[in-house]
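Computed from a prediction, not measured in an experiment: that's the story for all the values here.
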Amino acid sequence: MKKRYLLPFVLLALSSCDKGFLNQENPNEVSVGAYFKSENDVLLAVNGLYQALRSGSTIGESSALYSEERSDNTGRDDNQSNAGEPFQFNDFSILPSNSYIKTHWSAMYDGIARCNTLLSNIDRVTFADNAVKERYIAETKFVRGLLYFHMVRKFGDIPLSTVEITTKEQAAEIAYRQKESTVYQQIVTDLTDALNSNLPNVQWQYAVGRTSKAAINAILGQVYLTMGATLAGDKQVNFQKAEQYLAASYGMRTFGKLTEIPYSEVFDVSKKSTCKELVLQVQYLQGDQNYSSSIARNNQARGENINSKFVSTGIGGNVKHDLVKDYEEQDLRKSFSIKFAEHAQVKDWFITKFRDNSEAAGTEGRGGNDWILIRYADVMLLLAETKMHLGKDAEAIALLDEVRLRAGLPSYAVSRTSASYAAKYPTLKDAILHERRVELAFENHRWFDLIRNYDANGLVDYFKKKSQADYGNAKLSNITIKDRYYPIPFDEYKLNPEKMYQNTGY
């Protein structure tokens, strides 16, 4: 029976196995070779790729630990639960032995392995319409590129595979870290292939929750922006390509100005299938025991009911006071996104951005919130950042102003006449970073924004300028240049310390 191996996570477990034992067939298990027989089998496999994106161990709604909680937006003050391992992320004290890092690595590579398996076996199936096959291939390459993009930004050099791994020997051959630049080139190849397909421009022309050319352009533009900002090479070319793809995504919108779409409507469960700002979202099913969203109930604080009918006994989603202070006066996004809980056991800010207190969600808090991966305000601000790098400040500011106008704020030019605004955001780069922070708070973009705009030394300087009093129990003094990347999980490193070398400082 053909087996599929994760890369290279399972190698240690396999090291003492007899080859003959590995090749025994399980009569209760369907082999990969026997599975791919019909178009519907391929469709179910593609659905499985999107299912992988729902997990909190990958990039789903409860994956904030691996991104947002690493940043200055959120975190946790509890340093005792689960052996204190979740606390390590925001405390800059993370260890290679951290079990959450191991779980994330494994889950992400499992998603990548699913993509590789599908692409390696799709030719087994005869399609009545080859256009359907082309579309499935494009979706698979998009998901693989997206997962690798998340991984390379977090870990740097990582193992890379684009084929199904079916033997222990194959797995051993690819169990080594490849340079960031090599991984990025594969990401570009996957996304470019996906873009050169018959996918529609927007998800509503296909199905809500499935990728489109608008989504692919958005991610490909962000990839080139990240390459231009963080990698050696021709930065100008990368920024030009970033502008090309981000502008293409923005040009595919089906609305005029962002002000046509109220900020609250973007997160309205009843509008999630029609809101024109949404480019790609991970779907959750309201009221369903297995597939509902829990983000509203999980973020709600004791004594509150704004998010959910679920009666919370906790403190809700953590909000750093550093973020609270970064909202400008009159910013409409603040009152929608966060609230101060007056309960005696809370007395702190909590996240209210994700709400479903409907009867359909019930007192168990089985919400219908979709997890938004891409929306147009994000695309616009990425495009503004790109134009800034290209010296097109006026065009960048026009995009920035459109986002600020919806939030009820004055233009960038008017705001700069305020001494406090000019002092806090002295450059256009600072202003765009600030706007992305308050516009996209809790949507898992902040850490990626920081590491794209600051090198390792700059990141340390940025955090150490903050007030510890506004940061909670996590210690700002812990951060060093090593924290630009996560550690390679210890179980991966010990497989081959030379080829799976550890990131510096861990």
Side-chain angles (χ1 to χ4, degrees), residues 49-50 53 59 108 111-112 115 119 134-154 158 160 162 180-203 205-206 210-231 233-253 277-282 372-390 392 396 399 436 440 443-445 448-449 451-453:
L49 304 182
Y50 288 104
L53 301 183
I59 62 173
M108 293 291 280
I112 291 167
C115 296
L119 291 171
E134 181 184 348
R135 191 174 68 209
Y136 290 162
I137 291 173
E139 290 181 86
T140 305
K141 288 188 174 183
F142 169 78
V143 172
R144 184 170 69 184
L146 180 64
L147 292 173
Y148 269 130
F149 186 38
H150 275 258
M151 288 292 282
V152 73
R153 288 180 292 174
K154 292 170 184 170
I158 53 174
L160 177 66
T162 59
E180 282 184 77
S181 56
T182 302
V183 179
Y184 272 109
Q185 287 308 312
Q186 180 57 51
I187 294 168
V188 167
T189 296
D190 273 346
L191 296 178
T192 303
D193 286 351
L195 191 60
N196 296 327
S197 71
N198 59 3
L199 283 170
N201 284 353
V202 296
Q203 61 178 343
Q205 295 172 330
Y206 185 7
R210 300 185 88 97
T211 195
S212 64
K213 288 187 177 180
I216 299 167
N217 273 309
I219 297 299
L220 189 52
Q222 189 176 4
V223 167
Y224 274 114
L225 173 58
T226 304
M227 291 168 63
T230 63
L231 299 184
D234 196 329
K235 294 181 177 296
Q236 185 77 0
V237 169
N238 283 328
F239 289 140
Q240 288 172 345
K241 286 184 176 293
E243 181 184 38
Q244 172 191 338
Y245 291 112
L246 288 167
S249 179
Y250 183 50
M252 290 175 178
R253 71 195 186 282
E277 187 178 337
L278 304 184
V279 180
L280 180 65
Q281 65 241 55
V282 178
I372 302 168
L373 293 178
I374 310 170
R375 60 185 180 92
Y376 273 113
D378 175 20
V379 174
M380 292 168 67
L381 291 172
L382 287 171
L383 183 55
E385 185 179 323
T386 302
K387 288 181 178 294
M388 174 199 71
H389 282 295
L390 291 170
K392 301 178 180 180
L399 290 162
R436 284 188 61 81
L440 302 165
E443 296 178 49
N444 292 358
H445 297 288
F448 294 133
D449 289 347
I451 61 177
R452 188 176 62 250
N453 282 278

Flag side-chain contact, heavy atom, 4.5 Å: [X] against [Y]:
| X | Y | result |
| --- | --- | --- |
| L195 | Y245 | yes |
| T230 | I451 | no |
| L278 | Q203 | yes |
| V183 | M151 | no |
| R436 | D378 | yes |
| E277 | I372 | no |
| I59 | M108 | yes |
| Y206 | R135 | yes |

To the closest 0.5 Å, what do you measure between [atom1] ([X]) and [atom2] ([Y])?
| X | Y | atom1 | atom2 | result |
| --- | --- | --- | --- | --- |
| N453 | L225 | CG | CG | 7.5 Å |
| E243 | Y250 | CD | OH | 13.5 Å |
| D190 | F142 | CG | CZ | 11.0 Å |
| R253 | M380 | CZ | CE | 7.5 Å |
| Q185 | T192 | CD | OG1 | 9.0 Å |
| L191 | N196 | CG | CG | 11.0 Å |

- Query: How are the rings of F239 and H389 set to each other: parallel, tilted or perpendicular (split at 30° and 60°)?
  - Reply: parallel
- Parallel, tilted or perpendicular, as decided by the 30° and 60° cut-offs, for the rings of F448 and H150: perpendicular
- Which is it for I137 and L119 under the side-chain contact (heavy atoms from CB on, under 4.5 Å) test, yes or no, and what are the steps along the way? CA-CA 7 Å; I137 291 173; L119 291 171; 3.9 Å; yes
- Item | Derivation of the side-chain contact (heavy atoms from CB on, under 4.5 Å) call for Y224 and V237 | CA-CA 9 Å; Y224 274 114; V237 169; over 6 Å; no
- Task: Output yes when D449 and R452 qualify as a salt bridge under the 4.0 Å nitrogen-oxygen rule, no when they do not.
- Result: yes
- Note on the structure: Of I216, L49, T211, the one forming a side chain to side chain contact (heavy atoms under 4.5 Å, CB included) with E139 is T211
Closest approach of [X] to [Y] (non-hydrogen atoms, all atoms of both residues):
| X | Y | result |
| --- | --- | --- |
| V282 | L373 | CG2-CD1, 3.7 Å |
| S212 | V279 | OG-O, 4.4 Å |
| I187 | V152 | CD1-CG1, 4.0 Å |
| A384 | A396 | O-CB, 3.2 Å |
| V379 | A218 | CG2-CB, 3.9 Å |
| L199 | A194 | CD1-O, 4.1 Å |

- Could you please spell out the steps behind the side-chain contact (heavy atoms from CB on, under 4.5 Å) verdict for L147 and V143? CA-CA 6 Å; L147 292 173; V143 172; 4.0 Å; yes
- Note on the structure: Residues at least two apart in sequence or cross-chain that pass salt bridge (charged side-chain N to carboxylate O under 4.0 Å, His left out) with R153, listed by chain then number, are none
- Message: As a quick check of understanding, evaluate side-chain contact (heavy atoms from CB on, under 4.5 Å) for I158 and Y148, giving each step before the final call.
- Response: CA-CA 9 Å; I158 53 174; Y148 269 130; 3.9 Å; yes
- Would you find a donor on one side and an acceptor on the other, under 3.5 Å apart, between the side chain of K213 and the backbone of S197? yes
